[in-house]
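What follows is a short report on a single structure.
One-based numbering, in listed order, for ligands and for the atoms of each.
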Amino acid sequence: MRVFLIHVRDPQFYALPAKTRAKNGNIRIMGFPPIGIMSLSAVLKRAGHECVMFDQANPETPNEVIIEEIKRQRPALVGLSFLSTTSYPYAKILARQIRAVNPTVRLAFGGVFATLNAQLVKLQCPEVDFVCRGDGEQLILDLAERLDDPTDVAGLTWAKDGELVHNPNRPMDRNLDQWPFPDRESLALDFVESMPLDVPAVLSLERFTTMQTSRGCPWPCVFCDIPIFSEGKWRSRSAEHVLAEFEHLQKLGYGSVYFVDDHFLLQPKRIEAICQGIGERGVRIHWGCEGRVDSTAQHLFPAMAQAHCRTLMFGIESGSQKVLDRLKKGQTLAEVESAVTNAKRAGIEIVHGFFVVGSPEETVEDIRATFDFASKLRLDTFGFNRLCVYRGTPLWQEYRTRLLVNDAEDWYKYFKCTEIDPTCLSGEVVNAERVAGMRRLLRYKFMHYPLQTLRLLRRFLRYMPLRDVVYLIVKPFLGAKRGATKAEVFSRAVEHDVSKEMAAELTKVADDALDQVAHESRLERSRLEGMGNGVVAVGGD
Ligand code: B12
Ligand code: SF4
C-alpha cells in the first residue's frame, strides 16, 4: 500500500538557512527532524508498504505541492502528524485542502494533541477519517491492513454510519527495541543543531538529528501533559539498541544528536551502559538530553561528559520554592543547585535551564528571585518562557473547575496563564520583570563568570556572524521590541516573539476564517523568502 506521511508544523518553529545546501544537495534546516513520521515510515517500509514523507519545514513542499503529489501518486492513506495545539489549525487546513481534491483518500491524524483530544478532533474535523491515539508503530500497520473496517484497531477514533466510535486504548507496549531505527534518509532535508529554539544560537553545523531512547514521565507537574499521554509510565529502549543506532548514525555521517526523551536521566544502569558502549565502540557523535534535577544518575555526569554528552537541559522553572510547589514540580531549590553544579563539575559543556514566568500565585518578588537564582547558578544558557496552559494538563483541569476555561469552547486553544488566571500577575508586569531580570542576569554573568561566558560566546562565534552574537547579547538591553532586522542569524528566534503571538492567536481563530489566515501566511512566507537574508521562519518553545 502507498502511504503518505506529512509532518505539519507551524512556521514559527524552525528556521531555514534558505541559500545553504548540504554537500549531498539537501536543503539545510535549523530545527528538529520530524522523528514521529520518520519512525512510522521505517515501520511501514519494513512491512513492505511504500511510504512517502513530507516535512512542512521544506519550502519546496508547501500544501499545494503535497496536494499535487496526492493527485499524481494517489496514496491509499495520508497520515498527518503534528505535535501540539499550535499546529492543529495548520493540520485542519491541510486536511480540508486534501479532502477537497480527493474525496476517497483515507486521512489520519496522530501525535500528542490529537491523542489527548481525539473525540473532539474527530467531531470538529469530519473530513478526517481516523484520529490515531498514542504510539503509532503497530497502530499504523494494523490500520493499513483494515482501512475499510477498523473496528478492531485499538487506539483509533473514527466514525461508523455517522456515529463517533472510540475504539479501546492500545495497551502500552514496553518492547521499544522491536522497531527499526527512524527513516532519516528519505527526506531531502539536512538539519542543523541549535540550542532549543528559544535560545537563538547555532551550536554546531554538523549533520544533526534526534533520537528517542525512552518515552514518558511519571511526575505530576501541573503544566505538562506528558504523564497523561504516557499514562504515567516511563519506557525505554535497551542500551544495546541505542548504541546500535548511534553506530548506524555515525556511518551515515551524523555528528550531533539530541534526545527527545522526556526524562533521559531516569535509569542509572542504562545510562552507564550507554556511556560505556559509546567509548568501547568508538562513537564520536556529540549528544544532548533533558532530565530532572532530582535524578539519581548524577554520579554518571562525568561518564556522560566523557561519552560526548555536550548539552544537558534541566526543567528548573522557578527560583521560588513556593512557585515550584504550586506547579507540583516535586523538586527543591537545593536539588537544582546541586544538579547544575554537578553537571558543570563533570565537564558538561552546555548546561541549560528552562524557566517559566507568569505562574499562578507568582509575585513580583518571586520573579525577581527566579532571575537572581538563575544568575547564581552555573548555567551556560537559559530560557524564560511565559507559562501556558492547554488541554490535557492538570492545570487545565483546575482551570475548568475554577471556570476559567470552558472545555467545550476552548479545548483547541492555548492561553498564557496571565491572560485568564486572576491569581497571576498581568502580562505587562511579567514582561517588564522579564526584561529587567534578563538585564540583571546578563550583567551578573559577565561580571562573575566571565570565562564561562566568553567560552560560550567563542563557541557561538564559530557558527554565527559577529553582529548576530552582539545582537543576541544586547537585545535585552534595547528595551522596546523591534521588528525583524537584516542582521538575522541562522535562527531568527531572537525575533520570534511576534510570530509566536501570531501562532497562538491562530489557535483561537474560528474555523471558517482559517483559510484566509493560511493564505496570508503563504504571502508572508513569500515575503520572507524574498528578503534574501538567508532565513525563512523562526522557532521557539
Ligand atoms: C521535541 C519537541 C519539540 C521540538 C520540535 C519537534 C519537531 N519534530 O519539530 C520543538 C522544540 C520545536 C517543540 C516546540 C513546541 N512544542 Co514540543 N515537544 C517536543 C517533545 C519533547 C518530543 C516530540 C517528539 O519528537 N517525540 C518523539 C516522536 C517519535 O513521537 P511523536 O511525534 O509523538 O510520534 C509518535 C506518536 O505520537 C504517533 N504519531 C504521531 N503522528 C502520527 C500520525 C499518524 C497518522 C499515526 C498513526 C501516529 C502518529 O506515532 C509516533 C511513534 O509512536 C514533546 C514531548 C513528547 N513526549 O511528545 C513536546 C510537546 C509535543 N511539545 C509541546 C508544546 C506545547 C510545544 C510548543 C507549542 C511549545 C511552545 N509553547 O512554544 C511548540 C510548538 C511546536 C509545533 N507546533 O510545531 C507539548 C504539546 C502539548 C499539547 N497538547 O499541545 C509537548 C507534548 C510537551 C509538553 N508536555 O509540554 N517541541
Ligand atoms: S515537566 Fe518534565 S518532569 Fe514534569 S511531568 Fe513533564 S516531562 Fe515530567
Inset, instruction - Could you establish whether K329 and ligand 2 come within less than 4.0 Å of each other, counting only heavy atoms on the residue side? - result: yes
Inset, instruction - Determine whether L312 and E290 make a side-chain contact, defined as any pair of heavy atoms from C-beta on separated by less than 4.5 Å. - result: no
Inset, instruction - Might you work through the side chain to side chain contact (heavy atoms under 4.5 Å, CB included) test for E60 and I27, ending with a clear yes or no? - result: CA-CA 9 Å; E60 291 174 357; I27 297 170; 3.5 Å; yes
Inset, instruction - Begin from the C-alpha positions of F264 and W234 and carry the test ring-ring contact (aromatic ring centres under 6.0 Å, His included) through to its verdict. - result: CA-CA 10 Å; F264 175 73; W234 183 86; 8.7 Å; no
Legend entry - Any donor-acceptor N/O pair, N26 side chain to A22 backbone, under 3.5 Å: no
Inset, instruction - Please work out which of the three classes, parallel, tilted or perpendicular, describes the rings of W411 and F113, given edges at 30° and 60°. - result: parallel
Inset, instruction - Look at the N, O or S atoms of C221, main chain and side chain alike, and state whether any lies under 2.8 Å from atom 8 (Fe) of ligand 2. - result: no
Inset, instruction - Could you tell me whether some N/O pair between G79 and ligand 1 is separated by less than 3.5 angstrom? - result: no
Legend entry - Within reach of ligand 1, part of L40 (heavy-atom separation under 4.0 Å): side chain
Inset, instruction - Have a look at ligand 1 and work out which part of D262, if any, has a heavy atom under 4.0 Å from it: side chain, backbone, both or neither. - result: side chain
Inset, instruction - Have a look at H263, R391, Q212 and point out the one with the heavy atom closest to atom 29 (C) of ligand 1. - result: Q212
Legend entry - Donor + acceptor pair across side chains of Q124, Y88 (<3.5 Å): yes
Legend entry - Nearest-option assignment for atom 5 (C) of ligand 1, heavy atoms, candidates L83, L44, V78, L77: L83
Inset, instruction - Report yes if some heavy atom in the side chain of V43 is under 4.5 Å from a heavy atom in the side chain of Q138; otherwise report no. - result: no
Legend entry - Side chain, backbone, both or neither: P33 near ligand 1, heavy atoms under 4.0 Å: backbone
Inset, instruction - Work out whether the distance between some heavy atom of P227 and some atom of ligand 2 is less than 4.0 Å. - result: yes
Legend entry - Aromatic ring pairing H352/F354, orientation class (parallel under 30°, perpendicular over 60°, tilted between): perpendicular
Inset, instruction - Could you tell me which atoms of ligand 2, counted from 1 in the order shown, lie closer than 4.0 angstrom to a heavy atom of R292? - result: 3 (S)
Inset, instruction - Please could you name the atoms of ligand 2 that W219 approaches to less than 4.0 Å, counting only its heavy atoms? - result: 5 (S)
